[in-house]
Protein chains: 2
Amino acid sequence: MKYKSLAHMNCALAQALEVVGERWTLMILRDAFFGARRFSQFQKHLGISKNILSTRLNRLVEDGIMTRHPAPDGAHQEYLLTERGMDLQPVMLALMHWGEKHKPNPNGSRLIFVERESGEPIQPVSAMSRDGRRLSGRQIKATAGPGLDETSRRQLERRHPVAR
Amino acid sequence: MKYKSLAHMNCALAQALEVVGERWTLMILRDAFFGARRFSQFQKHLGISKNILSTRLNRLVEDGIMTRHPAPDGAHQEYLLTERGMDLQPVMLALMHWGEKHKPNPNGSRLIFVERESGEPIQPVSAMSRDGRRLSGRQIKATAGPGLDETSRRQLERRHPVAR
DNA sequence: CAGTATCCTACGTGATACTG
DNA sequence: CAGTATCACGTAGGATACTG
């Protein structure tokens with residue numbers, strides 16, 4: 001059997017996972033956020049096989065997450081994040097924050113994200129109300145939007161999203 | 001060859017991906033956030049094989065993301081999110097927001113997340129400065145914390161995290 | 001250095017039958 | 001209904017050799 005593609009699933013999460021759902025992909029993006037650009041940088045730092053890295057990078061380029069083009073010095077290629085790729089940063093921040101909290105290093109947090117200009121630490125990623133209050137998971141509810149299909153809409157209404 | 005475990009990788013992202021890095025896991029959590037509790041609810045809604053669902057749920061319970069116990073009516077088992085699991089909601093929100101933005105449904109957004117009490121839509125998940133300004137990817141920099149090892153620390157300093 | 005090409009393994013996935 | 005047990009399969013992942 002082929003893997004079921006999640007792509008048909010009229011679900012934003014499924015769509016996103018089609019792009020970043022593989023184990024190494026987010027790790028590669030992580031490195032890209034941290035300034036890696038060259039094939040060898042990704043490869044050494046991640047300890048990933050070259051063929052895997054190659055296919056992952058190619059797929060990221062296909063998906064519009066990264067672009068590949070010659071470096072200024074002309075000697076090699078560079079992989080750079082597109083805006084579409086930069087938009088994945090909240091995902092990475094959310095995952096890292098979870099990891100720091102629930103799988104901590106005994107010596108303390110490994111990375112601290114700061115505002116580039118001021119150097120001041122940023123807030124952990126969280127849901128926020130319009131007026132800027134941090135919201136916990138249970139304070140949030142999903143409601144049907146115009147793009148939701150009838151079956152999902154019914155399911156959503158029948159249950160009590162995230163109570164308990 | 002066994003898959004390389006990412007667990008040894010002194011990286012919060014890797015640790016998080018060890019837990020939610022598989023394709024179906026976040027989809028299951030999605031359903032849990034939306035109120036699914038019973039095996040059959042997950043199964044029908046996701047269209048996933050029972051054996052896969054079973055192993056995924058078991059692993060989530062092992063990892064402390066969900067708990068399993070008899071339902072109030074005593075007739076069946078329930079899977080409920082723990083706090084540790086609820087803490088993954090920002091990850092899901094971030095992914096869904098990305099999916100809605102970059103892989104939209106032509107009819108409009110599928111789900112709209114609102115504050116439970118007021119019904120008012122929440123903000124899209126984003127990095128935020130201490131004083132509540134939304135920050136774009138390029139405005140953020142990662143710096144070494146006490147838990148970071150020497151090699152990663154050097155790499156981080158040598159590069160220019162997320163410029164360009 | 002930056003990949004591509006081979007070849008291999010095992011894990012994630014899948015269909016389905018079976019059990020209490 | 002809520003799973004467990006089989007059995008099968010493809011793909012992600014892996015080691016390594018090769019090319020420009």
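Chain identifiers are assigned alphabetically (A, B, ...) following the order of the sequence lines, protein sequences preceding nucleic acid strands; residue numbering begins at 1 within each chain. Because only heavy atoms are used, hydrogens play no part in the values below, and waters and symmetry mates are left out as well, while side chains stay in.
The side chain of B:Ser49 lies closest to C:dG14 when the candidates are C:dG12, C:dG3, C:dG14.
Listed by first and then second residue, the ring-ring contact (aromatic ring centres under 6.0 Å, His included) pairs involving residues 99-126 of chain B are B:Trp98-B:His102 (not counting sequence neighbours).
When heavy atoms are screened at a 4.0 angstrom cut-off, B:Ser40 is found touching the sugar-phosphate backbone but no base atom.
The CZ atom of A:Arg59 sits 5 Å away from the P atom of D:dA12 (whole-angstrom rounding). Separating the CD atom of B:Gln43 from the P atom of C:dT13 is a distance of 15 Å, rounded to the nearest angstrom. One atom, NZ of B:Lys44, and another, C1' of D:dA2, lie 12 Å apart when rounded to the nearest Å. Between A:Arg37 atom CZ and C:dG3 atom P the separation is 15 Å, expressed in whole Å. Rounded to an integer number of Å, the gap from CG of A:Leu53 to P of D:dG14 is 12 Å. To the nearest angstrom, P of C:dG12 lies 13 Å from CG of B:Leu60. When rounded to the nearest whole Å, the span between CD1 of B:Ile28 and C1' of C:dT13 equals 12 Å. What separates CD1 of A:Ile52 from C1' of C:dT6 is a distance of 14 Å, to the nearest Å.
Looking at residues two or more places apart in sequence or on another chain, you find no side chain to side chain donor-acceptor pair (under 3.5 Å) involving A:Lys44. B:Arg134 is linked by a salt bridge (Lys or Arg N to Asp or Glu O under 4.0 Å) to nothing, counting only residues two or more places apart in sequence or in another chain.
Salt-bridge check for A:Arg59 with A:Glu22: passed, with a basic side-chain N closer than 4.0 Å to an acidic carboxylate O. Taking 4.0 Å as the cut-off between side-chain N and carboxylate O, B:Arg38 and B:Glu78 do not count as a salt-bridged pair. We find that A:Lys141 and B:Glu115 are not joined by a salt bridge, their nearest charged nitrogen and carboxylate oxygen being 4.0 Å or further apart.
Taking CD of B:Gln41 as the start and CG of B:Leu46 as the end, the distance is 11.0 Å to the nearest 0.5 Å. Of the inter-residue distances, the one linking A:Met96 atom CE with A:Arg110 atom CZ reads 7.5 Å to the nearest 0.5 angstrom.
Nearest-nucleotide mapping onto DNA chain C: of A:Gln77 and A:Ser5, the residue sitting toward the 5' end is A:Gln77.
Residues A:Ser152 and B:His45 are in side-chain contact: their nearest non-hydrogen atoms beyond the backbone lie under 4.5 Å apart. Between B:Gln43 and B:Ser49, the closest side-chain pair of non-hydrogen atoms is not below 4.5 Å.
Checking B:Ile65, B:Ile52, B:Val20, B:Leu53 one by one against B:Ile28, the side chain to side chain contact (heavy atoms under 4.5 Å, CB included) holds for a single residue, B:Leu53.
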So which protein nitrogen or oxygen atoms get under 3.5 Å of nucleotides 4-7 of chain D's nitrogens or oxygens?
residue : atom : partner : partner atom : Å
D:dT4   : OP2  : B:Ser54 : OG           : 2.2
D:dT6   : O4   : B:Asn51 : ND2          : 3.2

Which nucleotides of DNA chain C pair, in dot-bracket form (Watson-Crick or G-U under 3.5 Å, | meaning another strand): ||||||||||||||||||||
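Between B:Tyr79 and B:Phe42, the ring planes lie perpendicular to each other; the angle is over 60°, past the 30° to 60° tilted range.
Listed in residue order, the members of residues 12-26 of chain A having a heavy atom less than 4.0 Å from DNA chain D are A:Glu22, A:Arg23, A:Trp24.
Neither OP1 nor OP2 of D:dC1 sits under 4.0 Å from any side-chain N or O of B:Arg38.
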